[in-house]
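Accompanying notes for the structure given below.
Residue numbering restarts at 1 for every chain, and letters A, B, ... go by the order of the sequence lines.
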Amino acid sequence: MHWADYTAKKLAERGGPQVVVSGITPSGEFHIGHLSEILTAEMIHRACLDSGIQSRYVFIVDSMDPLRRVYDFLSPSYESYIGVPLANIPAPDENGEPDKEGGSYAEFFLRPFLDALKQIGVEPEVVMNHLTYSNGEFAEMIDSAIVNREKIHEIIESISGRDLPEDWFPYNPLGSSGSLDGVKVTGYEKPFVHWVDSTGATGKSDIRLAEGKMPWRIDWAARWAIHGVTCEPAGKDHGAAGGSYDTGIPICELLGGKPPEKMVYEWIQLKGMGPMSSSTGVTIGPMEALSLVPPEILRYVIARSKINRHIEFDTGTALFEVADEYERFQMPSEEVGDISKRQRIARDTQLGAMRLSQVERGSDPADSIAGVSFRHLSMLAQIKSDDEGVWTSLQRSGHISGEPGVSLRGRLERMRNWIEGEHFPEAARITIQNEVDSSIASEIDEVSRSFLGLLTQGLGTCNWNEDSISETIRECAANSGLGNRKAYIALYLVILGRDYGPRISSLMSEMDREFLIGIISSI
RNA sequence: GCGCCUCUAGCUCAAUUGGCAGAGCAUCGGACUCUUAAUCCGCAGGUUCCGGGUUCAAGUCCCGGGGGGCGUACCA
C-alpha cells in the first residue's frame, strides 16, 4: 500500500472530515523543498478523496511571520523591516529595493509559487495567517494561551528542555515601528496586551486584530485547533525530539483542540549538494524545475519515495531513469495471477504512486505519456530543430496518430529547455563531429572503410530524406559485405565520435549533405 | 550533548508493519539483414552491517555495538 493511502486509512480511523495542511513561511523564493512539502500533504489529501473520505487541503501561508534578517537578495534598506510581519512589508523590486507599488512581500513570493502549484495540479485553499489574526479567529486562542501561560511555559521548558526567560509571554505585540523585536509586555486586560517597545513608546495591542502574534510553537498548536487540522506533515526540522511538533501536541490539547498525529518527512536534496538552503545558494526554484521536468514526473519523484527517506533531486541522467520507471508501469501486466504476495504488494504500491502522480486526479497515467518515451523525445528534440519535424517523425514512426496533444507539446517544450540548459547530461547530448579524431579513425577497419567509401557515392545521388538515406546505408553495407550492425557502428564513430546513437538516418537527413559527405570521405 | 533517519544483489531501492528475500538499472550470454542511447529472451549475482534475545517463524520486534546521512540548543 502506498504511504499516502496508508495515512488515509489511519485518518479514516480517526474519523470525521479531514483537513490536511501545509504551512510555509514566504521569506523568500520558494524552492523544490517547499514543493515536496506541498506534494506530500496533497497526496494524502487525494488518497483520502480516493478512498471516499471527505477532505480539504489547506495551504497556510505564514504571512504574519517577521522578516528575520536582510537576505542576500535584499538591499540594506530592508534593515528597518526586520521583525515586521511579511504581510506588512513591501515586496522587493528587481534591485532588491522595497517597492511601495509592488504589493506585500508575502504576496510577492507566494504568487509565482501558486502558479507553479497549479501546473502540477495542486490547487489548495490558501489561508493567509495574518488574516486569521486580523479577523479575530485567533483571539480566543490568544486569550486562552495568556490565561494558561504558566502551563504552556512548563510544557515548553519540560519537553524542549530549554529555559524560557522569566518575562516570557505567549504573545508578541507589534511595537510602534510595526516590528515584533524588542517589545516587552507590560500587562494584559482582555482584549488588550499592553507593551513598551525599545524606543520607550508604549501602547496596547488588540488580540482580535493583527497587532501581534503568538510565538511559533503556540501559533502552530493554536491553528490546529482553529482550522481543525487532522494531518500536517512537517519537515524534520520540526520533528526533532522536543521540537515544535512535540510541544505543539500538548499545547493544542490545552487550548481545547485535537492535534494531528506527528508526521515528519525527510528533506529533499539536490544531487550531491546537501540540503536545500537559500542562504547557501543550494536551491532550485519550482518554476525552474517545472520548466525542465514534466509535471507528472515531478510528482512521481515525490510519490515514489517513502516520506522518511531523503530524496536526491537530480535533473541530470537520473531523470531518464525516473521517466523510464514511470513509463514502464503504464502497461498493466496481464499475468497478475502468478506473482507472489510480496510482488503484488510492491506492484500495488507502485500503482498507487502512479495514481497520485497524475496532474489531474483520476486521469489515466497513459495519457500523460502520450505514446512517446522520454528518451525518444530527448533524441528527436535534439535532431529536429523545429517542432513540426518532431511531430512528423512521430507520426511516421507510428508513435502518434494525428496531431500531438497538449501534454505532448508541453513535454517537448520542457525537453527543449532541459537540453539547452546546464542540467542536461553530456552523455545524452548528441554532438556532431567536425572532423574525425585520429584515435576514432584507428577503430575503423578496412571493410568498414570500403563501406564508407561506397556510402559517399550513394549519398551524393540519393534523395535527401530519411528513408532514402536508410535504404542507401543498407545497400552499401550489403555491397561491401559488412553486417548492418557494424555499418551503423562505423557511421556513429564517424559522425558522433562514439559507437552508439540515435537512429542515424534521421540524424543524417537533418545534416547538410556536402558537410556530411566531407566528413565521411575524410576517413 | 539530545534526537531522528538509514544500512538488503555491483548501483538505486522493494518486501502487505512477523509468513517462500525481488524489481529496475548495470554486467555477462543469446536473438533480431534493425523505427540502433531500441526491443525480446536468458544467465549470474545474498551471512538483509555485526552480536545477542523473543518466536513455530525475524530484513521486519527487543537489547547491545558499528558505519553513513541529517536535525536541533531563546528563532518556521
query: Could you state the CH2-P distance from A/Trp391 to B/U35, rounded to the nearest angstrom?
result: 23 Å
- request: May I ask you to evaluate whether A/Lys306 reaches the phosphate of B/A15, defined as a side-chain N or O under 4.0 Å from OP1 or OP2?
  value: yes
field: Identified pairing partner of B/C13, criterion: Watson-Crick or G-U wobble below 3.5 Å
entry: B/G22
task: Please state how far atom CE in A/Met354 lies from atom C1' in B/A14, giving the value in whole angstrom units.
output: 16 Å
message: Please report the distance separating the C1' of B/G18 from the corresponding atom of B/U48, rounded so that it comes out in whole Å.
response: 15 Å
task: Answer yes when A/Arg223 and A/Asp62 have at least one side-chain N-carboxylate O distance shorter than 4.0 Å, and no when they do not.
output: yes
field: B/U8 versus B/G51 - spacing of their P atoms, nearest Å
entry: 16 Å
- request: Give one of base, sugar-phosphate or nothing for A/Ile24, where a contact means two heavy atoms less than 4.0 Å apart.
  value: nothing
message: Syn if the chi torsion is within 90° of 0, anti otherwise; quick check, which is B/U48?
response: anti
message: What's A/Lys10 touching, base or sugar-phosphate or nothing? Going by heavy atoms closer than 4.0 Å.
response: nothing
message: Nearest whole Å is fine: how far is B/U39 C1' from A/His376 NE2?
response: 13 Å
task: Would you mind classifying the nucleic acid contact of A/Asn308 as base, sugar-phosphate or nothing, using non-hydrogen atoms under 4.0 angstrom?
output: sugar-phosphate
Nucleotide of B/G71, B/G69, B/C74 approaching A/Glu266 most closely (side-chain heavy atoms): B/G69
A/Lys236 and A/Glu266 ion-paired at < 4.0 Å: yes
- prompt: Rounded to whole angstrom units, what separation is found between the CZ atom of A/Arg375 and the P atom of B/U39?
  reply: 8 Å
- request: Could you check which nucleotide pairs with B/G71 in any of the strands shown, counting Watson-Crick or G-U wobble with both distances under 3.5 Å?
  value: B/C2
Atom P, compared across B/C4 and B/C43: separation rounded to whole Å: 44 Å
message: Measuring from atom NE2 of A/His376 to atom CG of A/Leu380, what distance do you get when rounded to the nearest 0.5 angstrom?
response: 4.0 Å
task: Could you work out the separation of B/C50 and B/C7 based on their P atoms and round it to a whole Å?
output: 13 Å
- prompt: Considering only the C1' atoms, how many Å lie between B/G53 and B/G45, rounded to the nearest integer?
  reply: 32 Å
task: Could you tell me whether A/Tyr6 contacts a base, only the sugar-phosphate backbone, or nothing, with contacts defined as non-hydrogen atoms closer than 4.0 Å?
output: base
message: Output the rounded distance in Å from CG (A/Asn172) to C1' (B/C74).
response: 11 Å
- request: Answer yes or no: is there a side-chain heavy-atom contact under 4.5 Å between A/Leu117 and A/Glu42?
  value: no
- request: For A/His238, report the nucleic acid contact type (base, sugar-phosphate, nothing); a contact means any heavy atom under 4.0 Å.
  value: base
message: Quiz question: by atom type and distance under 3.5 Å, do the side chains of A/Ser244 and A/Arg217 form a donor-acceptor pair?
response: no
Nearest-angstrom distance from the residue atom OH of A/Tyr245 to P of B/U72: 17 Å
- prompt: Quantified in whole Å, what is the P atom distance between nucleotide B/C20 and nucleotide B/U35?
  reply: 44 Å
- prompt: Which one is paired to B/G64, where only Watson-Crick or G-U wobble pairs with both distances under 3.5 angstrom count?
  reply: B/C50
message: Nearest heavy atom decides the nucleotide; on that basis, is A/Asp324 or A/Gly23 closer to the 5' end of RNA chain B?
response: A/Asp324
task: Figure out the CZ/C1' separation between A/Arg474 and B/U35, and round it to whole Å.
output: 10 Å
- request: Could you check how far CZ of A/Arg304 sits from C1' of B/A15, rounded to whole Å?
  value: 16 Å
task: Indicate whether the side chain of A/Asp219 and that of A/Tyr133 have a donor and an acceptor atom separated by less than 3.5 Å.
output: yes
message: Heavy atoms only, 4.0 Å cut-off, all strands: where does A/Gln382 land among base, sugar-phosphate and nothing?
response: base
- prompt: For atom C1', what is the distance between B/G66 and B/C49, given to the nearest Å?
  reply: 8 Å
- request: Give a yes/no on whether any side-chain N or O of A/Arg309 is located under 4.0 angstrom from OP1 or OP2 of B/A14.
  value: yes
message: Is there a side-chain contact between A/Tyr78 and A/Tyr105 in this structure, where contact means two heavy atoms from C-beta onward sitting under 4.5 Å apart?
response: yes
query: Nearest nucleotide by nearest heavy atom, which residue falls closer to the 5' end of RNA chain B, A/Thr25 or A/Ile504?
result: A/Ile504
task: Provide the distance between the two P atoms, one in B/U16 and one in B/G71, to the nearest whole Å.
output: 29 Å
Base-pairing assignment for B/C32 (Watson-Crick or G-U wobble, both under 3.5 Å): none
